[in-house]
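Here is the structure we will look at.
Order of appearance sets the numbers: ligands from 1, and atoms from 1 within every ligand. All figures in this text were calculated on a predicted structure; none of them were measured in a lab.
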Amino acid sequence: VDNFESPDFYQIDDLLTEEHLLIRQSVRDFIKKEVSPIIEDAAQKAVFPAHLVKKFGEMGLLGPTIPEKYGAGGLDYIAYGLMMQEVERGDSGLRSMASVQGSLVMYPIYEYGSEVQKQKYLPKLASGEYLGCFGLTEPDFGSNPAGMKTRIEDKGEYYLLNGSKMWISNAPMADIAIVWAKNEQGRIKGLIVERGMEGFSTPEIHQKWSLRASCTGELVFDNVKVPKENLLPNADGLRGPLGCLDSARYGIAWGALGAAMDCYDSAKKYALERIQFDKPIASFQLVQKKLAEMLTEITKAQLVCWRLGMLKNAGKATTAQISLAKRNNVDMALKIAREARQLHGGMGITGEYPIMRHLMNLESVVTYEGTHDIHLLILGAEITGISAFK
Ligand code: FAD
């Protein structure tokens with residue numbers, strides 16, 4: 001929505017610092033200037049606006065929590081969350097691009113990489129000179145990544161990589177891929193695979209009705225010789241990729257809030273302007289119920305995000321706490337998008353309003369990074385001590 005007004009029913013802004021508020025405003029202005037005018041057309045045409053990657057870099061939206069000495073922002077997790085909120089208010093596909101780059105590519109290099117790897121890749125990823133992708137999901141292993149078939153064999157001078165990955169955000173445009181594969185001992189290892197390595201290709205997945213402004217593809221490895229120095233030395237086991245997912249899911253919890261706020265803001269304005277039966281539709285109780293419930297859910301989700309951000313800053317946020325936030329907030333955003341769609345009547349299905357695009361985008365967000373039900377089962381395991389999904 002062009003003249004977007006951010007709902008803040010519980011004065012949560014009082015909990016933010018001056019710096020947080022400044023960052024949010026500058027990202028909001030950036031999205032309004034650079035994203036809002038082009039996003040509908042990009043989504044309708046299913047084109048990834050690649051020129052935005054460098055602009056995202058200039059705005060500090062790529063890996064904002066990575067330290068400044070690697071060319072990134074060195075910001076806290078509340079700032080990161082607010083950034084993702086504003087980006088996804090623009091479009092979930094662009095937030096996906098930023099989440100992948102920051103949490104799934106820069107984070108593992110920073111957490112599990114060698115100093116040489118950090119210096120080689122992080123500044124270029126922070127500036128947007130390089131675009132990265134994260135390959136965990138395979139055609140036969142989505143919710144159960146531990147079963148992955150992609151393999152590396154130690155050939156002395158290099159690792160020989162074979163297998164394939166599916167549904168990989170950014171893949172068709174990516175300069176580097178963080179790839180998770182099993183070694184001869186069955187341990188999951190992380191590798192930095194670069195475009196141009198022989199036997200490595202990234203075919204695009206077409207005909208998506210969701211995240212149309214994000215590019216998604218496969219990663220295919222046919223006897224790729226990956227230099228030994230491209231192995232992430234400090235990642236061992238499923239813990240490696242799961243650590244990255246914790247960071248990305250945290251950003252998604254905030255991002256979904258942004259999409260929900262945009263739908264709510266549009267619905268509120270539309271309801272006040274649209275006249276039926278000689279009155280604004282906002283005067284009907286059933287419409288007020290929809291708006292009241294939207295504001296209630298957004299307010300609850302804002303509090304969850306803020307508190308989770310403080311726990312992240314203190315290094316105390318657990319996987320299950322992040323699951324609760326990702327699951328709740330994406331579900332709440334989807335429900336708000338659906339209600340807002342109805343509230344806009346026939347106009348709600350057109351590109352005149354952002355609603356249908358948000359709604360379709362959120363259908364991917366509720367599935368990727370752990371489906372809605374898998375996060376429920378993570379919570380179930382936390383409560384009972386019994387895993388119902390393994
Ligand atoms: P499945 O795992 O086959 O699940 C199908 C259904 O079964 C779901 O409803 C699920 O909840 C349910 N289910 C599965 N197991 C259980 C169980 N034990 N109990 C109850 N229900 C269960 N992956 C990456 O690695 N990198 C990316 O960048 C990336 N980007 C993506 C972008 C898009 C647009 C999409 C759609 C996906 C992306 N993914 C990515 C993949 C995504 O993470 C997977 O789609 C997701 O994990 C689900 O896996 P799946 O699609 O194989 O579904």
| message | Heavy atoms only, cut-off 4.0 Å: how does Asn170 contact ligand 1, side chain, backbone, both, or neither? | response | neither
| request: Distance to 0.1 Å, residue and atom name: give those for the protein heavy atom nearest to atom 49 (O) of ligand 1. | output: Gly142 CA, 3.3 Å
| Centroid-to-centroid, Tyr121 to Tyr70, below 6.0 Å? | no
| request: Please determine which of Ile336, Leu334, Val365, Asp262 meets the side-chain contact (heavy atoms from CB on, under 4.5 Å) test together with His358. | output: Asp262
| Of all the non-hydrogen atoms in the protein, which one sits nearest to atom 18 (N) of ligand 1, and at what distance? | Phe389 CB, 3.3 Å
| message | Tell me whether Leu136 has any N or O atom under 3.5 angstrom from an N or O of ligand 1. | response | yes
| request: Flag this pair as yes if the NZ/CZ of Lys118 is under 6.0 angstrom from the six-membered ring centre of Tyr110 and inside a 45 degree cone about the axis; otherwise no. | output: yes
| Counting each atom of ligand 1 from 1 as listed, which ones have a heavy atom of Tyr368 under 4.0 Å away? | 31 (C), 32 (C), 33 (C), 37 (C), 38 (C), 42 (C), 43 (O)
| query | For ligand 1, which atoms, with element, lie under 4.0 Å from some heavy atom of Ile168? | reply | 24 (C), 25 (O), 26 (N), 27 (C), 28 (O)
| Going only through I, L, V, M, F, W and Y residues with side-chain contacts under 4.5 Å, is there a path from Val35 to Leu257? | yes
| note | Contact region, Lys390 to ligand 1, non-hydrogen atoms below 4.0 Å, reads neither
| Residues Arg195 and Asp175 bridged, charged N to O under 4.0 Å | no
| message | Looking at every heavy atom in both Asn361 and Gly93, which two are closest together, and how far apart are they? | response | ND2-N, 4.3 Å
| message | With side chain to side chain contact (heavy atoms under 4.5 Å, CB included) as the criterion, how do Lys300 and Val304 come out once you've worked through the C-alpha distance, each side chain's angles and the decisive distance to 0.1 Å? | response | CA-CA 6 Å; Lys300 281 153 57 178; Val304 166; 5.6 Å; no
| Does NZ or CZ of Lys228 lie under 6.0 Å from the centre of the six-membered ring of Tyr159, at an angle within 45° of the ring axis? | yes
| query | How far apart are the C-alpha atoms of Met84 and Ile252, what are their side-chain angles, what is the distance that settles it, and do they pass the side chain to side chain contact (heavy atoms under 4.5 Å, CB included) test? | reply | CA-CA 7 Å; Met84 294 304 107; Ile252 294 171; over 6 Å; no
| remark: The atoms of ligand 1 lying under 4.0 Å from a heavy atom of Glu369, numbered in the order shown, are 43 (O)
| request: Around atom 29 (C) of ligand 1, find the nearest protein heavy atom and jot down its residue, atom name and distance. | output: Trp167 O, 2.7 Å
| remark: Ranking Val365, Ile205, Thr367 by closest non-hydrogen atom to atom 45 (O) of ligand 1, top hit is Thr367
| Minimum non-hydrogen distance to atom 48 (C) of ligand 1, winning option of Leu377, Thr371, Ile374 | Thr371
| said: Heavy-atom pairs closer than 4.0 Å: do any link ligand 1 to the side chain of Ser169, the backbone, both, or neither? | reply: both
| message | side chain to side chain contact (heavy atoms under 4.5 Å, CB included), that's the test. Do Met148 and Lys182 meet it? Break it down for me. | response | CA-CA 8 Å; Met148 71 173 65; Lys182 279 186 184 162; 4.1 Å; yes
| field | Distance-only polar pair, side chains of Lys208 and Thr216, donor-acceptor under 3.5 Å | value | yes
| query | Where does Leu211 meet ligand 1, judged by heavy-atom distances below 4.0 Å: at the side chain, the backbone, both, or neither? | reply | side chain
| message | Looking only at protein heavy atoms, which one is nearest to atom 1 (P) of ligand 1, and what is the separation? | response | Ser143 OG, 3.8 Å
| request: Give a yes-or-no answer on whether the side chains of Asn223 and Asn162 include a donor-acceptor pair shorter than 3.5 Å. | output: yes
| said: Is it the case that ligand 1 has an N or O less than 3.5 angstrom from some N or O of Phe134? | reply: yes
| task | Could you tell me whether atom 21 (N) of ligand 1 has at least one protein heavy atom nearer than 4.0 Å? | result | no
| task | May I ask you to list the atoms of ligand 1 that are less than 4.0 angstrom from any heavy atom of Asp373? | result | 11 (O)
| request: Please indicate, with yes or no, if any protein heavy atom is found under 4.0 Å from atom 31 (C) of ligand 1? | output: yes
| query | Closest approach of Asp265 and Phe4, non-hydrogen atoms and distance? | reply | OD2-CA, 3.2 Å
| request: Can you confirm whether something in the protein, heavy atoms only, sits under 4.0 Å from atom 43 (O) of ligand 1? | output: yes
| said: Quiz question for you: does at least one protein heavy atom lie closer than 4.0 Å to atom 5 (C) of ligand 1? | reply: no
| Within-cutoff protein neighbour (heavy atom, under 4.0 Å) for atom 38 (C) of ligand 1 | yes
| said: Could you work out, for atom 24 (C) of ligand 1, the closest of Thr137, Leu104, Val100 by heavy-atom distance? | reply: Thr137
